[in-house]
Amino acid sequence: MTAPTHPLPTGPTPGPPKPTPASVQAPHPAESTPASVPAPASRKGVPGPAESARGAASSSLPGPAVRQRPAVDPARWPDVAAPPRASRLRTALAERIVRRALARLPLRARLAGAEDIGLGGPLMDIREPEAFFRRIGASGLIGFGESYMAGEWDAPDLVAVLTVLAGNAADLVPAPLQRLRSLWALRKPAAQLNTPEGSRENISHHYDLSNDLFALFLDGTLSYSSAVFRSLPATQDLLPAAQHRKIDLLLDAAGVGEGTRLLEIGTGWGELALRAAARGARVVSVTLSAEQRELARARIRAAGYEDRVEVRLCDYRQVTGAYDAVVSVEMIEAVGEEFWPVYFTTLDRLLAPGGRVALQAITMPDDRLRASRSTYTWIHKYIFPGGLLPSTEAIERVTTGHTRLRTVRRSGYGAHYAETLRLWRERFTERSAEVDALGFDAVFRRMWTFYLAYSEAGFRSGYLDVQQLLLTRDQSPAQEAL
C-alpha cells in the first residue's frame, strides 16, 4: 500500500521523528506464512529500550468515568504532546468553520460530554474542545489527526465518522476559503520531493519501520495492497487467497508465463515475484526498502527461486534492459506528480516490442487532485512522505502526452480495498500488545489506527478507488478484445 493522501485536505508543520522499535523483534505472527517462507528478519541497529506507553490505542470509546489518554513522549511526538500556539482569532475562526461543517453532517459531535452538534449518526466525542479547535486553527486538518493521536477526541466507530467526513470532503471548507487555498494551505516540504535520493528516504520512513510490525497485521502472503475477494464482506481466512487472486489478475493481464522477462517495480515482501517465478518467469524486482529486500530475498531463497528472481535495491529510473512485461502494485502513488512523466517514459523505455504493463493504482477524483495536489497533509507528515494519488484522467494525460503507452483496460476494486483495510485494522487492534513489545508506543498505535481507518473511509465513501490498468503500445482490435 502506498500513499493514500485522500479525503481531508490538511495544513502544515514538519514531521516527527520516526517511532523506533526497540529490542530483538518477535517472530512471524500466528497466522504464519507457508513452511518454505522464513520468519521476518529482525531489524538491526535498533536503539533500546522500548518506550512503551500504554493508553487508548484502539478506536473504542471509554466511559466518562474511565477516561484514558495515551502518555505522550514530547521528544518522540513534539507536535502531539501539547496543542500548538495559535492566536485567538485563528482558533475562533477554526471553531466557527468546524462547528458550521459539523452541524450540516449526518453525525453527532459531542463537545466536552455536554453539547451535541450535527444531524445525528455516528458519535464523534470531542473531549477537549479547546485543544481540538486550537490544533485545527494552528495547522489545519493536520491538527485534526494530531488531536486524535493525543486522545483529545475519539469515536466508538472511527471509520463511520471518517467516512462521513470523506464523503463530504469537497464541502467541509467554505467555497471562499477553498478559492484562497494557496494562501492558507502550506505546500509539501522540498525535502519530500521524490528525487532518487528523496524517494529512498521517503520509502524508508514507512517501509523500514519493522518487518515484524507489518507481519503482525498482514496475512501470510505479506501483501500490503488491496486484495480481490470472490464476494463481500470478507473474513480473515479469505485474505491470503484474495491476495493471490489480485496477483494472478495482474500477471494474467501482463501475459506472464514460462520464459517471460518480467520487471516488477516495488518488490514489497516478494509475493508477486514468487508467484511469477512459479509460472516460469524470469523476474527482476526493484525496491528502495532495505528491510523489504532482505526479507523478500530470504523468502525467494527458501522457495528455491533464486535462479529466477533477482531483487535489486534500485530506483526505477536506474533500471536498464528490455522486458516482456512490467508489473507494479500501488507504487505510482509514491512517485510524485513532478515525476509521473519520468515514471511512464521509463516504463515505455523498458518495455520490449509487444510487451504489456499491468499496474494497480489507488486513484482519487481529478477535481480533488487538481485542488489539493500541492497541499501538505497529515498522511505526508506521519505516514507517507512525498506521496500523491493520481486520477485516471491524470494517468491518461501523462501517458498520451509523454509516451506511446495507452490504457486498454481498467477494473476498479474500491470496495475490496475497504474490506482489506478493515481486516488489517482489526488484526492490528487485536495485536496491540505485540505492537507494544516491538517498542512502538500508544501514540504510534493511535496514529496507525487512524491511518488505517482514514484510508478505509476513503474507499467506503467512494472518494477513493483502486484500479488495475493494462497498458500497451499496440492499440490493435485484437488486443482491445483481451
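Each residue takes its place number in the sequence, starting with 1. Scope of the values below: all heavy atoms of this structure, side chains included, with no hydrogens, waters or symmetry mates. Not measured: the values here are computed from a predicted model.
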Taking 4.0 angstrom as the limit, do Asp366 and Arg397 come out as a salt bridge?
-> yes
Between Ser372 and Thr375, is there a donor-acceptor pair closer than 3.5 Å when you use the side chain of the first and the backbone of the second?
-> no
Which of parallel (below 30°), tilted (30 to 60°) and perpendicular (above 60°) describes Trp448 and Phe214?
-> perpendicular
Are Arg425 and Glu430 close enough for a salt bridge, meaning some N to O gap below 4.0 Å?
-> no
Going by atom types alone, do Thr407 and Glu396 pair a side-chain donor with an acceptor below 3.5 Å?
-> yes
Classify the angle between the aromatic ring planes of Phe428 and Phe444 as parallel (below 30°), tilted (30 to 60°) or perpendicular (above 60°).
-> tilted
Please check if the side chain of Ser199 supplies one atom and the backbone of Asn194 the other of a donor-acceptor pair under 3.5 Å.
-> yes
May I ask you to test the Phe450-Ile383 pair for a side-chain heavy-atom distance under 4.5 Å?
-> no
Check: Tyr451 ring centre within less than 6.0 Å of Trp378 ring centre | no
Sidechain N-carboxylate O distance under 4.0 Å for Glu426, Arg422 | yes
Does Arg245 pair with Asp252 as a salt bridge, N-O distance under 4.0 Å?
-> no
Presence of salt bridge, Asp219 and Arg427, under 4.0 angstrom = no
Is there a donor in the side chain of Thr267 and an acceptor in the side chain of Thr287, or the other way round, less than 3.5 Å apart?
-> no
SB check Glu393 Arg370 (cutoff 4.0 Å) | no
